[in-house]
Colleague: 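One structure coming up, written as structure tokens, with questions to follow.
For the numbers below, each heavy atom of this structure counts, side chains included, while hydrogens, waters and symmetry mates do not.
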Amino acid sequence: MTSLGYDDEERQDSGGDARTAELADRLGLVRQRMESAVYAAGRTDSPRLIVVTKFHPAADVRRLAALGVTDVGENRDQEAAAKSAELANVDVRWHFIGQLQSNKAKSVAKYASSVQSIDRAAVVDALAKAIAREKDATGRGDLDCFIQVSLDDDAGAHRGGANPSDVELLAEKIESAEGLQLAGLMAVAPLGADPNAAFENLAGISQALRAVHPNATGISAGMSQDLEAAVKFGATHLRIGSDILGSRPAVG
């Protein structure tokens, strides 16, 4: 099978093994989809690709970095902390995208470039304290904060997120916290719903947020199954997992 965007010499430089070749092919296909979606949407900018590597080994992150991936996402702190420590010499940004418990904020502050799942005030408070400590200890930069907004009718009972009516209160809290930067919104299309309608709704919520907080331009939306709809409605970050990494590795 011919790689999309990588010749044989580049594959060897990136690791030369069968898994690297597989990842190069899958990554090429996703990048082609992104380019097509950007063109179809009439956009001149391209969203940032965050490759979601949950349940996959650190070796895959190393391979992806060699293939030009700069951003990876993780759902669980325990896994993210272990991988980021093992790959301290690999130049990638780590994004925490799973539901965050306040007691994990201290750990997340050690490695995360962004937290994309902020949905309640207690998490903001915990992150602010943790980032302040980490800044004093290591001089790390500010943390990009995305408010996860629920697009479900039941305000996040299924897939997490704050009620849209609570977004402005959370935004104000983040902006007033030293060390935290309000980056924008994150959302997941409701299960079984039309992603176009969901992401159009998200775009409207984002527009209202930017009217008050002009720098909160980020829209993290779109996964393997609905990236085209997300791009159409202005996503600035895409979170793609299975279409690049494949099925979860067998356990045991």
Side-chain angles (χ1 to χ4, degrees), residues 1-35 37-38 45-98 100 107-117 134 138-144 146 181 183 186 218 220-224 227 230-231 235-250:
M1 182 176 181
T2 300
S3 162
L4 297 173
Y6 298 93
D7 60 23
D8 290 341
E9 182 178 351
E10 285 175 306
R11 287 186 184 202
Q12 290 174 0
D13 290 344
S14 300
D17 62 315
R19 178 59 170 165
T20 299
E22 177 190 6
L23 291 174
D25 286 339
R26 289 177 170 274
L27 188 60
L29 287 170
V30 167
R31 284 176 168 158
Q32 280 193 343
R33 285 178 62 193
M34 290 173 60
E35 290 174 7
V38 166
D45 62 314
S46 184
R48 178 181 294 182
L49 174 62
I50 299 174
V51 181
V52 181
T53 56
K54 62 179 180 179
F55 305 121
H56 291 272
D60 277 351
V61 178
R62 193 179 297 276
R63 292 181 177 101
L64 288 166
L67 291 168
V69 169
T70 57
D71 297 85
V72 294
E74 288 288 340
N75 288 62
R76 300 187 305 168
D77 170 63
Q78 184 176 0
E79 183 174 357
K83 285 181 185 175
S84 61
E86 182 177 345
L87 300 172
N89 63 334
V90 177
D91 188 19
V92 294
R93 288 182 290 262
W94 296 87
H95 303 268
F96 189 82
I97 62 177
L100 180 61
S107 175
V108 169
K110 294 181 183 299
Y111 60 80
S113 171
S114 81
V115 172
Q116 301 203 356
S117 51
E134 197 64 24
T138 67
R140 68 149 293 157
D142 289 350
L143 177 73
D144 283 343
F146 290 75
Q181 292 290 329
M186 184 273 262
S220 178
M223 299 188 290
S224 293
L227 75 85
V231 171
T236 60
H237 298 67
L238 301 173
R239 309 181 307 276
I240 310 298
S242 59
D243 275 12
I244 295 174
L245 276 299
S247 301
R248 296 175 182 177

Colleague: Tell me whether the count of non-hydrogen atoms from other residues, nucleotides or ligands lying under 6.0 Å of CG in Asp45 goes above 12.
Modeller: yes
Colleague: Could you grab the distance from atom CG of Asp77 to atom OG of Ser107, nearest 0.5 Å is fine?
Modeller: 3.5 Å
Colleague: What heavy-atom pair brings Ser224 and Ser242 nearest, and what distance separates the two atoms?
Modeller: OG-OG, 3.5 Å
Colleague: Report yes if some heavy atom in the side chain of Asp71 is under 4.5 Å from a heavy atom in the side chain of Val51; otherwise report no.
Modeller: no
Colleague: Under the rule for side-chain hydrogen bond (donor to acceptor under 3.5 Å, both in side chains), what residues qualify as partners of Asp60, not counting sequence neighbours?
Modeller: Arg19, Arg63
Colleague: Before giving the answer on side chain to side chain contact (heavy atoms under 4.5 Å, CB included), spell out for Val30 and Leu238 the whole-Å C-alpha distance, their side-chain angles and the decisive distance to 0.1 Å.
Modeller: CA-CA 11 Å; Val30 167; Leu238 301 173; over 6 Å; no
Colleague: For Thr53 and Glu74, which I'm curious about, is there any donor-acceptor pair between the side chains at under 3.5 Å?
Modeller: yes
Colleague: Taking the side chain as everything from C-beta on, heavy atoms only, tell me whether Phe96 gets closer than 4.5 Å to Ser114.
Modeller: no
Colleague: What's the shortest heavy-atom distance between Ala221 and Ala235, and which atoms?
Modeller: O-CB, 3.7 Å
Colleague: Give me the atom names and distance for the closest heavy-atom approach of Tyr111 to Trp94.
Modeller: O-CB, 3.7 Å
Colleague: For residues Leu245 and Leu64, determine if any side-chain heavy atom of one lies less than 4.5 Å from a side-chain heavy atom of the other.
Modeller: yes
Colleague: Just wondering, do Ser46 and Val38 contact through their side chains at under 4.5 Å, heavy atoms?
Modeller: yes
Colleague: Kindly say whether the aromatic ring centers of Phe146 and His95 come within a distance under 6.0 Å.
Modeller: no
Colleague: Can you give me the closest heavy-atom contact between Gln116 and Ser220, atom names plus distance?
Modeller: OE1-OG, 2.6 Å
Colleague: Report the residues that fulfil side-chain hydrogen bond (donor to acceptor under 3.5 Å, both in side chains) with Arg140, sequence neighbours left out, ordered by chain and then residue number.
Modeller: none
Colleague: In sequence, state the C-alpha distance, the side-chain angles, and the governing distance for Leu227 and Asp243, and then conclude on side chain to side chain contact (heavy atoms under 4.5 Å, CB included).
Modeller: CA-CA 11 Å; Leu227 75 85; Asp243 275 12; 5.8 Å; no
Colleague: Step by step, work out the side chain to side chain contact (heavy atoms under 4.5 Å, CB included) result for Leu143 and Val115.
Modeller: CA-CA 7 Å; Leu143 177 73; Val115 172; 3.9 Å; yes
Colleague: Mind checking whether Arg239 and Met186 have side chains closer than 4.5 Å, heavy atoms only?
Modeller: yes
Colleague: For Glu79, is there an ion pair with Lys54 - N to carboxylate O distance below 4.0 angstrom?
Modeller: no
Colleague: Under the rule for side-chain hydrogen bond (donor to acceptor under 3.5 Å, both in side chains), what residues qualify as partners of Gln181, not counting sequence neighbours?
Modeller: Asp142
Colleague: Under the criterion side chain to side chain donor-acceptor pair (under 3.5 Å), I'd like the reasoning laid out for Thr236 against Arg48: C-alpha separation, chi angles, the key distance, then a yes or no.
Modeller: CA-CA 6 Å; Thr236 60; Arg48 178 181 294 182; over 6 Å; no
Colleague: Does the side chain of Met34 reach to within under 4.5 Å of the side chain of Val231, using non-hydrogen atoms?
Modeller: no
Colleague: I'd like to check Thr70 versus Val92 (side-chain heavy atoms, cut-off strictly below 4.5 Å). Are they in contact?
Modeller: no
Colleague: Using side chain to side chain contact (heavy atoms under 4.5 Å, CB included), reason through Leu49 and Ile240 one step at a time and then give a plain yes or no.
Modeller: CA-CA 7 Å; Leu49 174 62; Ile240 310 298; 3.5 Å; yes
Colleague: Please report the shortest heavy-atom distance between Arg93 and Ser113, naming the atom on each side.
Modeller: CD-OG, 3.8 Å
Colleague: State plainly whether the residues Arg26 and Glu22 are in salt-bridge range, i.e. N to O under 4.0 Å.
Modeller: yes
